[in-house]
Chemist: 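Here it is: the structure, laid out below.
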Amino acid sequence: MQNIIYIGADDKDIDLFESQYIVPNGVSYNSYLISDEKIAVMDTVDARKTSEWLEKLEKSLNGRKPDYLILSHLEPDHSGSITEFLKAYPDTTLVGNFKTFAFLPQFCNIDENTRKLTVKEGDELSLGKRNLRFLMAPMIHWPEVMVTYETTEKILFSADGFGKFGTLDTKEDWLCEARRYYFNIVGKYGVQVQALLKKLSGYEINAIYPLHGPVLTENLGFYLDKYNTWSSYIPEDKGIFIAYASIHGNTAKTAGKLAEILASKTTDKITVADLSRIDMAECVEDAFRYDRMILASSTYDGGIFPCMENFLNHLKSKNYQCRTVGLIENGTWAPMSGKLMKAYLESMKNIKICENIVTLRSSMNESTNESLVRLADEILS
């Protein structure tokens, strides 16, 4: 878009985003400069990239000074350079909402003379030919989040919405890493995302500028539809995700056997994951992606094997709901994992638990195979 300059930075050195999500292709911290009669900078970047960002900013300003710094979201990957920015450009006006400025001192040492402009829902700021309208988006995924709609070219600066993992020069399909990003970062807040989508339905949008990932300019209906599906907790695809937690391999073999039985009975997608070894965020993604799930866990110290319990805690915290789930438990002398997994699932919304819970005592036998067939038939019915 004319006179909107990207000044963000790719971080290829980070291994864990938010110290928990594996990012093999890094992540981008997006920031934009809008050049008009007045100049607005849209967010800063993580402190890891402050120097690079300030160099890009200075070059893009071409001798001018920024008039406004728009603060869409105060999480450190976007606010980490505010203090250094104000040292370089102390006369800039910070633009945020009431909650922005309530939280700001927790992240930055702001001089009492720093200029601030507090905006609320629907307020507008003229830059000259361009006009910025501010729309509040609380809890997507922090309380102070707001998005900005540029009215001239009909551009949405979407904060963390419509973002993805991966640097901008990463050649990969948007969907997989955007889905993994959404469910793990924003997934809990489906109601709030739905509210924002409803609000945005009244706007014509020609481009979406997120704080992570590429600018979206084509097939915007596709991206909006995906966000509507994800935030509604509607399964995206018909399929079965089998997640297992195995100590010595017997539970793993049982999960694999069930996958074989299912594959002989259906053409639906079947995905199998070892929770001890695979990226937990990817498992959360697949749990939300498909309409059905099988959990297979060993009993451990009278409880659920830890990686399975960790997975269930992730699902609960991200508001997992509206799915059908089957259970396989294993235990040599006192199988308990099925009962405990069921209790976790019963605390979630609209989860249908299959009646045929498979109980495995150490290793598979003919009775186990018969139970797996009954579970397969039930989850396919």
Chemist: Give me the atom names and distance for the closest heavy-atom approach of Asn97 to Thr118.
Modeler: C-CG2, 3.9 Å

Chemist: Tell me whether Asp46 is salt-bridged to Lys49, with the criterion being a basic N under 4.0 Å from an acidic carboxylate O.
Modeler: no

Chemist: Got a sec: does the NZ of Lys265 have more than 12 other heavy atoms crowding it under 6.0 Å?
Modeler: yes

Chemist: Can you find a pair of side-chain heavy atoms, one from Lys99 and one from Met136, that are under 4.5 Å apart?
Modeler: no

Chemist: Check for me whether the distance between the ring centres of Tyr223 and Phe162 falls short of 6.0 Å.
Modeler: no

Chemist: Kindly indicate whether the side chain of Leu74, heavy atoms from C-beta on, has any atom under 4.5 Å from the side chain of Ile82.
Modeler: yes

Chemist: What orientation do Phe183 and Trp230 show, parallel under 30°, tilted 30 to 60°, or perpendicular over 60°?
Modeler: tilted

Chemist: Looking at every heavy atom in both Tyr6 and Ser28, which two are closest together, and how far apart are they?
Modeler: OH-CB, 4.3 Å

Chemist: Is it true that Lys56 and Glu52 have a side-chain N and a carboxylate O under 4.0 angstrom from each other?
Modeler: yes

Chemist: Please tell me whether Asn330 and Thr251 have a donor and an acceptor in their side chains that are separated by less than 3.5 angstrom.
Modeler: yes

Chemist: Which heavy-atom pair separates Asp160 from His212 by the least distance, and what is that distance?
Modeler: OD1-CD2, 3.4 Å

Chemist: Within a reach of under 6.0 Å around CG of Asn62, are more than 12 heavy atoms found that belong to other residues, nucleotides or ligands?
Modeler: no

Chemist: Is it true that the side chains of Gln194 and Ser231 contain a donor and an acceptor less than 3.5 Å apart?
Modeler: yes

Chemist: Please check if the number of heavy atoms outside Gln106 that lie under 6.0 Å from its CD is greater than 12.
Modeler: yes

Chemist: Quick one, Met364 and Asn369 - any side-chain contact, counting heavy atoms below 4.5 Å?
Modeler: yes

Chemist: Look at Asp268 together with Arg292 and state whether they make a salt bridge at an N to O cut-off of under 4.0 Å.
Modeler: yes

Chemist: Show the nearest heavy-atom pair for residues Ile4 and Tyr32, with the distance to one decimal.
Modeler: CG2-CB, 4.3 Å

Chemist: Taking 4.0 angstrom as the limit, do Asp237 and Arg289 come out as a salt bridge?
Modeler: yes

Chemist: With no hydrogens and no angle check, do the side chains of Tyr29 and Asp11 hold a donor and an acceptor under 3.5 Å apart?
Modeler: yes

Chemist: For the hydrophobic clusters of this structure (ILVMFWY residues joined by side-chain heavy atoms under 4.5 Å, transitively), does one cluster hold both Leu200 and Leu220?
Modeler: yes

Chemist: Distance alone, cut at 3.5 Å: any donor-acceptor contact between the side chains of Thr368 and Ser371?
Modeler: no

Chemist: For residues 320-363, pull every pair meeting ring-ring contact (aromatic ring centres under 6.0 Å, His included), keeping only residues two or more places apart or in separate chains.
Modeler: Phe288-Tyr320

Chemist: Check whether more than 12 heavy atoms from other residues, nucleotides or ligands sit under 6.0 Å from atom CD of Gln20, and answer yes or no.
Modeler: yes

Chemist: Tell me, do Tyr182 and Val193 make a side-chain contact under 4.5 Å, heavy atoms counted?
Modeler: yes

Chemist: Is the distance between the ring centroids of Tyr89 and Phe85 under 6.0 Å?
Modeler: yes

Chemist: Write down the atom of Thr44, the atom of Gly80, and the distance for their closest heavy-atom approach.
Modeler: OG1-N, 3.7 Å

Chemist: Return the orientation label for the Tyr181 and Phe165 ring planes: parallel under 30°, perpendicular over 60°, tilted otherwise.
Modeler: perpendicular

Chemist: Checking Thr148 against Glu150: is there a side-chain donor and acceptor pair closer than 3.5 Å?
Modeler: no

